[in-house]
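Step one of this worksheet: look at the structure below.
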Number of protein chains: 2
Amino acid sequence: MTTREKAATGRPRLFDEEAVLATLTALFWKQGYGQTSMSDIVESSGVHKPSLYRTFGSKEQLFALVLRRYLTERMAMFDALIDRAGPGVEGVHTFLELFERDALSARGRDGCLMVMASNELRGSIADFDFAKAYRTEMRARISRLIARTVPAGGENAELADARTDLFTTYLLGLHVIMRSDADADEIHRYLNAMHATAEQW
Amino acid sequence: MTTREKAATGRPRLFDEEAVLATLTALFWKQGYGQTSMSDIVESSGVHKPSLYRTFGSKEQLFALVLRRYLTERMAMFDALIDRAGPGVEGVHTFLELFERDALSARGRDGCLMVMASNELRGSIADFDFAKAYRTEMRARISRLIARTVPAGGENAELADARTDLFTTYLLGLHVIMRSDADADEIHRYLNAMHATAEQW
DNA sequence: CAAGTTCTGTACCAAACGGTAACATAGTGG
DNA sequence: CCACTATGTTACCGTTTGGTACAGAACTTG
């Protein structure tokens, strides 16, 4: 589905699927699913409707593709942030600082596409249970970050799990705040709250 | 706007505004703003379109009214929960237990109408900056709950603020989880994370 | 009981929605 | 150079959208 499998025999495509998906990701991210019409999509992508429908199926399937692409991209970004953050509790602070940089960017102000979608459309769309997938994937990343704050050992696993759950929920809430016109000071304050919490770890 | 001001001189209304707003609150809460059409609203309320438009103005203004009503109702519920929760850290645990009961109810599975709306429609609608209003009001309540976990004193105010910000963000994130098809076990796990955090306060 | 006022209910509107038929166009393989 | 195939492009489809005109019904006031 992502790459050409059969040899292209007909007229070649004038647009790049990946580039279109990237553009439309930004569009959906800003406007939401329901507030984005096919006309918006045509205008933003520069691709005519029949081509979009032949390539992606329907608006719903298109959005499912956008979500899938966003998920892997987003998780790669989280992986990168966690890799750059060092070990121990200090790593958590570094992660939060790196995250803040992203939160204050233009994209950051739109929050998280997955959080937005799961609020607007509930769990699943076009046979893709994205809400559960997002929670699972994201929690796994956070777990990697948090595990470093706790010494290995059976009874510490429970502590690490609790901290991971807290941090995951916290980040989801932060995305809600980021999307709803909070200014830089307010975002900084809410990040500071997690800094303070991590200091007691 | 809420109660009759002038003497009623014409034909009396067959429906109760408050009851209609309550019904439509549930409808919007479940379906979201964009996914709820005026036809849905007519069917659900039993009130015909022209009556709705004369009474509430437009779909947008109607939703703004629903949000206003929901905000005060929701804050009253938070106040009640916090009143019932005792003092000290124990009060936080009690609050979380009370909150869990609500979270597992049918309504709880829909998350929070304000969180949903702020994700779908950004900050404001029909001259009502509900996102900011919600954050402010909610944070004030949480602050009341958290203040009890900290002894009075200038330097402790900062600590209480940080805990309040953390708890507020956490609750927002929890609402996201509650709305996206999480089962009772998962919700319990995420609540447990805050129990564990509060134990160290 | 007639005038004045407000609400109900049917029937309707233009505009926008998601989606497609049909034809021109640009490539590939024989 | 001719079928063949897949694309670009225009113009269109039926349905649903948010919103209203209009006529009749129900109440108050004089």
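Note that these values count all heavy atoms, side chains included, but never hydrogens, waters or copies made by symmetry. Naming: A, B, ... by sequence-line order, numbering from 1 per chain. Please read these numbers as outputs of a predicted model, since none were measured by experiment.
- As judged by a 4.0 angstrom heavy-atom cut-off over every strand, P12(B) is placed among residues touching the sugar-phosphate backbone only.
- Regarding Y33(A), its OH atom lies at a distance of 13 Å from the P atom of dC17(C), rounded to whole Å.
- Between R13(B) and dC7(C) there is a side-chain polar atom (N or O) within less than 4.0 angstrom of OP1 or OP2.
- In this structure, NZ of K59(A) is placed 12 Å from C1' of dG19(C), rounded to the nearest angstrom.
- Atom CZ in F56(B) sits about 14 Å away from atom P in dG19(D), given to the nearest Å.
- Residue Y53(A) places no side-chain N or O under 4.0 Å from the OP1 or OP2 atom of dT20(C).
- At a threshold of 4.0 angstrom between heavy atoms, the contacts of S37(B) are confined to the sugar-phosphate backbone, with no base atom among them.
- Remark: the K49(B) side chain and the dG19(D) base include a donor-acceptor N/O pair separated by less than 3.5 Å.
- The shortest distance between the side-chain N/O atoms of H48(A) and the OP1/OP2 oxygens of dG8(D) is not below 4.0 Å.
- In terms of phosphate contacts, S39(A) brings a side-chain nitrogen or oxygen within less than 4.0 Å of OP1 or OP2 of dC17(C).
- An OP1 or OP2 oxygen of dG8(D) is reached within less than 4.0 angstrom by a side-chain nitrogen or oxygen of S51(A).
- The pair D83(B)-R144(B) counts as a salt bridge, with a side-chain nitrogen and a carboxylate oxygen less than 4.0 angstrom apart.
- Closest approach to the P50(B) side chain among dG8(D), dT5(D), dT10(C) is made by dT10(C) (side chain taken as heavy atoms from C-beta onward).
- Remark: C1' of dG18(C) and CD of Q35(B) are 13 Å apart, rounded to the nearest angstrom.
- Considering only side-chain atoms of M38(B), the nucleotide from dG18(D), dT9(D), dC27(D) that sits closest is dG18(D).
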